[in-house]
Protein chains: 2
Amino acid sequence: MADASGRPRSRSSNHVTLDDVARLSGVSPITVSRALRGARNVSPDLQARVQTAVDQLGYVPNVAARALASARSSHVAVLIPSLTNQLFVELIEAVQDALVPHGFQSLIGVTHYDPAQEEALLRSHLSQRPAGMLLTGFDRSAEASRMLERSDTPCVYLMETSDAPGVHSVGFSQQDAGRAIVQHLLQRGRRRIAYAAGQLDPRVMLRLEGYREALRAADCHDPALELLVPGPTSIALGGRQFEELLARHPDVDAIFYCNDDLAQGGLLAALRTGVPVPQRVAIAGFNDLGGSDQMLPPLTTVRTPRQEIGKRAATMLLALMRAEAVAERTVDLGFELMVRQSS
Amino acid sequence: MADASGRPRSRSSNHVTLDDVARLSGVSPITVSRALRGARNVSPDLQARVQTAVDQLGYVPNVAARALASARSSHVAVLIPSLTNQLFVELIEAVQDALVPHGFQSLIGVTHYDPAQEEALLRSHLSQRPAGMLLTGFDRSAEASRMLERSDTPCVYLMETSDAPGVHSVGFSQQDAGRAIVQHLLQRGRRRIAYAAGQLDPRVMLRLEGYREALRAADCHDPALELLVPGPTSIALGGRQFEELLARHPDVDAIFYCNDDLAQGGLLAALRTGVPVPQRVAIAGFNDLGGSDQMLPPLTTVRTPRQEIGKRAATMLLALMRAEAVAERTVDLGFELMVRQSS
DNA sequence: CTGAAAGCGCTTACAG
DNA sequence: CTGAAAGCGCTTACAG
């Protein structure tokens, strides 16, 4: 059972293990484990000896062994609807930047706005016992919610906020933001304001609610001016919506698009068809994505704090994963009206 | 050492394990393990009994235990330069779509075009013993290459191609693509063709080589018309480059931008300053990103096969991870000239 | 503050 | 085609 080297024959790779570090530093493996994890109950002397041995051997912990023994992985599952919307790309980058320095890796799952796909992703990720989860919004299947609850995985919700007990969320009020931009258009004297939307996810519908509230308060609401198109948003769709609205309702004097890509398409369509913006019709978007400030004319929109949301949510999740108390369970980061020349 | 239930006291969670499946189906754990992994040396009868027990118990394998015992994780590390360029987002989505059905998860690392960051990411990912790696391009630090080689991790390179022995790559010739678009501009009668670039990664420089070759062959090369700006590309930068080129070189009759975001900015700047495109100056881009076909005028560009690259590279990596023979080590997927009205 | 023992849930290598 | 034994490299829980 032992080869020429005198060691038992085994499947052992040549990787340096925690035992090697323990042997070199002259302490027990448990102490090395504790020192490595930054436990406070290790004397500075031993801590230093362990660190020296680690550096000398180039020891790197085996994450699989750690995960198996502790029943906790170092992965955070991040479920977002889409990577096509630049919004979520920026959100994810901020999450990664906050998580990686603390030794966590993020696993990104794209749901394509489909509850069934989200449920499947949730099932698959949960089976890997992630250390935590970051989910977009609150709208999911009952089965998905049940799995989440049973799994007891620390979880923070992104983009929207909720006061429900036990729920941790970082976002802003989509409805308030929708109301704010429409109020701005009203203040500019617009009365026939259309809402042009695609994708129709829960947040787009909340913005619609804000739109309706503002218009009803001004006695200007006309359901005929709501143009809701299922399916993905795009620059091309925004252009088609622009032409359709102006053809059907020649008196339209403003269009609020639910996302900047649509609004950019609207602006280009106006240019193409010779409709002066904002003289004849004002155009407003949502999110303040790349290029909106470069359009002709520059686009009035709502700047949404996605980087901040990603960062704060990751920080909150870090605390939950360490089982620390979280003072603020609900963080509303607000939004900013970016008034440019298109309105 | 045993509690009231008669079972030994332990850290055991209530998760269903492989042993539970073995007990219920009346076979040994090893057979269950084999059946689960789809080994061919399990009789159909036992295979069926195991599957029944799995379904009945709702058994889900513990990936950490599997990774520890087999010394192989189910993670593929994907290192890309940026998520800001839509190109890489589409690449990643295609990779995920190909990998996930085979039980692999991808870990995305963003290098920000920085060799030092890539080296750090490589170190961190390699320490987790990924089942495979997907890397962008061939330009990296010597230390990074050494780590890769030592790790013996299956690896496929994206975007460019190489004939080097033992190297697996899927991409297209950046240089040929650069040459092709410039030849198109020459055919349209343009002679004072500028190259406007940002980011200056190795692929941007290869396109520059193609640009030079085409212009030298036509005896039209003028180094003064190469505008190379370090740092990220953007719509705004493309606009500034447009104005700078026309101010310094009033005789410029075409601009080839190294990426579509720059070219879109050039088109918008032309509109803003009243320079007719393509009459006074033709504009061409690279990649055919979202919105380029919607610009005014629609942008002439090169369509690059990023989805296909992601898919083929993932498929190739899957084969390598299964230690299967790979017939084609180098896959060149070409590119397509998209001639629209801006040229 | 430190450690000896046991175990996490799989798979490898060997045998039949 | 099937299985008993050992081990992967950590951490938990208990003890001192």
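Throughout, a chain's letter reflects where its sequence line sits, starting with A, and its residues are numbered from 1. Both backbone and side-chain heavy atoms feed into the values below; hydrogens, waters and symmetry mates do not.
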Sort by first number and list every stem of DNA chain D: at least 3 consecutive Watson-Crick or G-U wobble pairs, both distances under 3.5 Å.
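Detected stem regions: C:1-3 with D:14-16, C:5-12 with D:5-12, C:14-16 with D:1-3.
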Going by the rule side-chain contact (heavy atoms from CB on, under 4.5 Å), which residues pair with [X] if we only count those two or more places apart in sequence or in a different chain?
{"X": "A/Pro61", "value": "A/Tyr59, A/Arg66"}
{"X": "B/Val100", "value": "B/Gln96"}
{"X": "A/Glu90", "value": "A/Gln86, A/Arg306, A/Gln307"}
{"X": "A/Thr153", "value": "A/Leu126, A/Pro130, A/Met133, A/Ser151"}

Value in whole Å for how far the [atom2] atom of [N] lies from [atom1] of [X]:
{"X": "A/Arg66", "N": "C/dG7", "atom1": "CZ", "atom2": "P", "value": "23 Å"}
{"X": "A/Arg23", "N": "C/dA4", "atom1": "CZ", "atom2": "C1'", "value": "16 Å"}
{"X": "A/Leu46", "N": "C/dG3", "atom1": "CG", "atom2": "C1'", "value": "12 Å"}
{"X": "A/Arg37", "N": "C/dT2", "atom1": "CZ", "atom2": "P", "value": "14 Å"}
{"X": "B/Arg49", "N": "D/dC1", "atom1": "CZ", "atom2": "P", "value": "16 Å"}
{"X": "A/Leu18", "N": "C/dA4", "atom1": "CG", "atom2": "C1'", "value": "15 Å"}
{"X": "A/Asp19", "N": "D/dC8", "atom1": "CG", "atom2": "C1'", "value": "12 Å"}
{"X": "A/Tyr59", "N": "D/dG9", "atom1": "OH", "atom2": "P", "value": "10 Å"}

Indicate whether OP1 or OP2 belonging to C/dT12 is found under 4.0 Å from a side-chain N or O atom of B/Ser70.
no
For a quick test of reading the model: is some side-chain N or O of B/Ser28 closer than 4.0 Å to OP1 or OP2 of D/dG3?
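Result: yes.
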Evaluation steps, side-chain hydrogen bond (donor to acceptor under 3.5 Å, both in side chains), between A/Arg37 and A/Ser33:
CA-CA 6 Å; A/Arg37 279 174 293 142; A/Ser33 171; 2.8 Å; yes
B/Tyr113 vs B/Phe88 aromatic rings, parallel, tilted or perpendicular, using cut-offs 30° and 60°?
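Because their plane-to-plane angle is over 60°, the rings of B/Tyr113 and B/Phe88 count as perpendicular.
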Of the candidate nucleotides [options], which contains the atom at the shortest distance from the side chain of [X]?
{"X": "A/Val27", "options": "C/dG9, D/dT12, C/dG3", "value": "C/dG3"}
{"X": "A/Ala69", "options": "C/dA4, D/dG9, C/dT11", "value": "D/dG9"}
{"X": "A/Arg34", "options": "C/dG3, C/dC8, C/dG9", "value": "C/dG3"}
{"X": "A/Thr31", "options": "D/dG9, D/dG3, C/dG3", "value": "C/dG3"}
{"X": "B/Asn62", "options": "D/dG3, C/dC10, D/dG9", "value": "C/dC10"}
{"X": "A/Leu68", "options": "D/dT12, D/dC10, C/dG9", "value": "C/dG9"}

5′-ward residue of the pair B/Asp45/B/Ala65 relative to DNA chain D
B/Asp45
List the residues meeting side chain to side chain donor-acceptor pair (under 3.5 Å) with B/Arg49, not counting sequence neighbours, and say none if there are none.
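Partners of B/Arg49 by the side chain to side chain donor-acceptor pair (under 3.5 Å) criterion come out as none, since no residue qualifies.
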May I ask you to decide whether A/Arg146 forms a salt bridge with A/Glu149, counting only side-chain N to carboxylate O separations under 4.0 Å?
no
Considering heavy-atom distances to DNA chain C, does B/Ala64 or B/Ile30 have its closest nucleotide positioned more toward the 5' end?
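Final value for this comparison: B/Ala64.
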